[in-house]
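Report on the structure given below.
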Protein chains: 2
Amino acid sequence: MTAHSDAHSGARSGTPRSRRERPAKPALTRAGIVAAAVEIMSAEGLGKVTMRRLAQQLDTGPASLYVYVRNTAELHAAILDELLGTVEAAPAGDDWRERLEKVLTSYTDVLFSHRGLAQSALVARPSGPHYLRLLETLLALLDEGGVPPGQAAWGIDLLLQCATATAAEHATRDRDAGAQDDWDGLSAAVRGASGQTHPRLAGLADEVLSGEPEARLSWGFRTLINGILHTPVPADEAQD
Amino acid sequence: MTAHSDAHSGARSGTPRSRRERPAKPALTRAGIVAAAVEIMSAEGLGKVTMRRLAQQLDTGPASLYVYVRNTAELHAAILDELLGTVEAAPAGDDWRERLEKVLTSYTDVLFSHRGLAQSALVARPSGPHYLRLLETLLALLDEGGVPPGQAAWGIDLLLQCATATAAEHATRDRDAGAQDDWDGLSAAVRGASGQTHPRLAGLADEVLSGEPEARLSWGFRTLINGILHTPVPADEAQD
DNA sequence: ACCTGAACACCGTTCAAGT
DNA sequence: ACCTGAACACCGTTCAAGT
């Protein structure tokens, strides 16, 4: 039926029309690749963000991605910085300690709520704009609290390390069957510790295992803040 | 030349003699598997400890290992606990803070000196005998320092988390080319931060990036110890 | 019970060749 | 310059079949 018009307009092969009528392969760009990667990660977790899977999503071959991305690690780092853009800025008004805790908790939540992201953040040092913004925010809050600059400079690393490690720990615990077993194993081992060979551990088993994740994380932050406030850096580092 | 005696003693096929004369396949056991795994890890890093590689080493097929080991994660956890046996016990005599720092430093060194081990320790909660012994040691030292038990019980997690994360960070930085790039990237980004948009970061760039790993780790431990000493756990957790 | 061959369903990365 | 097919060198895990 449409043979006639096809012969008319589509004579020189179908290429020109399919260029306009299909949503078609958008040209590859780094931004497009990262966006597609974030999409896969949100839907299926970072573990599914592989070069091959991503290439498939973008309707190309894995080799093509290497024009825009050095390797899988760099791709994961780019995803991380992208998601770091959603960390809430410090709310005004509250006590600086509370605001600091809120920013760190928001950071932890972002890592926690994307499967696999926290584990990757432990290893991939990010250096994107969103990460720098976060560092600036933390330094500003510590400064507001009167923390000496040298201590603040070293302290932000400790705070982020604690947040990241905690998110990773709980993310695996909640979502990975094997990790749940690990934790059950530890908890059984601690409770089963003999008072003969492990007197303090046996005595403190309940306390060691107690506490909601939120309560422990919050205590961790407050503990770090107190420590940072009270622990001077070595003399030869304190230049200011 | 030996044909006659061969015909004599080896008549019913070669099997009985090869049972005695070859070092031959030692029977598979969990301990043997873990030992072979530790060997591979020491020589080539945890990344090479795969089911297939290990099976090859043990002259069998990968499927055979699943009789003794649930999966790769469990295998890695077993290796970790094995290596934890080499963490030095606290030396007597010194100040409790120094002894605590020494044990934690030794733990960090063990993780650090085995390629890939620290990263795996961040994710795999160990529960083996050597890990329990380490927990006991830490609790004993904190007790000696008069740290309230509830704070000690939560604090050991923070201390080990800090040690593990630091080891992982430096292990990747030193040995993985890509990770070195990551770090160079961060350091360039921090130094390049604009005073307009990131005033504190720009002002503290040198301090943020300063310090030998050892100095920062030591400061981290002291900061945590001070924090643990000064931060009470929430009232409903402090039961004793 | 223990062990295995073979298969299933994947990986990252490179490279010569094409446009 | 950008993109690709095809290959290389691997993975973890399962399962039916053998001993």
Side-chain angles (χ1 to χ4, degrees), chain A residues 12-13 15-16 18-19 24-34 36-37 40-41 43-79 115-116 119-120 123-124 172 176-179 181-182, chain B residues 13 15-16 18-19 24-34 36-37 40-41 43-79 116 119-120 123-124 172 176-179 181-182:
Chain A
R12 304 186 294 278
S13 90
T15 337
S18 67
R19 174 129 77 99
K25 272 172 74 159
L28 283 180
T29 57
R30 191 174 208 274
I33 289 171
V34 173
I40 295 176
M41 115 88 59
E44 305 174 54
L46 193 65
K48 297 285 181 182
V49 182
T50 66
M51 291 302 209
R52 294 182 106 105
R53 176 80 172 67
L54 185 54
Q56 183 187 311
Q57 192 92 345
L58 292 165
D59 195 18
T60 181
S64 307
L65 303 178
Y66 285 81
V67 177
Y68 304 95
V69 158
R70 198 198 306 271
N71 52 38
T72 309
E74 195 201 284
L75 176 66
H76 287 187
I79 296 174
R115 209 187 318 162
Q119 281 98 314
S120 130
V123 171
T172 36
D176 181 359
D181 291 351
D182 278 5
Chain B
S13 90
T15 338
S18 66
R19 174 129 77 101
K25 272 171 75 160
L28 285 179
T29 58
R30 190 174 209 275
I33 289 170
V34 173
I40 295 176
M41 115 89 58
E44 305 175 55
L46 194 65
K48 298 285 181 181
V49 181
T50 66
M51 292 301 210
R52 294 182 108 107
R53 176 79 173 67
L54 186 54
Q56 183 187 310
Q57 191 92 345
L58 292 166
D59 195 19
T60 182
S64 307
L65 303 177
Y66 285 81
V67 177
Y68 303 94
V69 158
R70 198 197 306 271
N71 51 40
T72 309
E74 194 200 285
L75 176 65
H76 287 187
I79 294 175
Q119 280 97 315
S120 130
V123 171
T172 38
D176 182 358
D181 291 351
D182 278 7

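Convention: sequence-line order gives letters A, B, ...; per-chain numbering from 1.
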Closest non-hydrogen atom pair, A:Leu28 against A:Ser64: CD1-CB, 3.9 Å
Side chains of B:Arg52 and B:Gln56: do they bring a donor and an acceptor to under 3.5 Å? no
Sequence neighbours excluded, which residues qualify as side chain to side chain contact (heavy atoms under 4.5 Å, CB included) partners of B:Tyr66? B:Met51
Looking at every non-hydrogen atom in both residues, tell me the closest pair between A:Ala77 and A:Ala124 and how far apart they are. CB-CB, 4.4 Å
With sequence neighbours excluded, residues passing side chain to side chain donor-acceptor pair (under 3.5 Å) with B:Arg30: B:Glu74
N/O donor-acceptor pair under 3.5 Å between B:Tyr68 side chain and B:Ile33 backbone: no
P-based separation of C:dC8 from D:dA9 [nearest Å]: 23 Å
What's the shortest heavy-atom distance between A:Arg53 and A:Lys48, and which atoms? CG-O, 3.2 Å
Short of 4.0 Å, heavy atom to strand atom, which residues of residues 62-70 of chain A count as contacting DNA chain C? A:Pro62, A:Ala63, A:Tyr66
Inter-residue atom distance B:His76.NE2 - B:Asn71.CG, 0.5 Å rounding: 9.5 Å
Reading DNA chain D from 5' onward, which residue's closest nucleotide shows up sooner: A:Thr60 or A:Arg52? A:Thr60
Chain A vs DNA chain C, heavy-atom contacts under 4.0 Å, first-to-last nucleotide span, 5' to 3', is C:dC11 to C:dC15
Per-residue pairing states of DNA chain D in dot-bracket (Watson-Crick or G-U under 3.5 Å; . unpaired, | other strand) read ||.|||||...|||||.||
In terms of heavy-atom contacts, B:Ala55 and B:Leu65 come closest through N-CD1, 3.9 Å
A:Ala37: which residues meet the side chain to side chain contact (heavy atoms under 4.5 Å, CB included) condition with it, sequence neighbours left out? A:Val49, A:Leu54, A:Leu75, A:Ile79
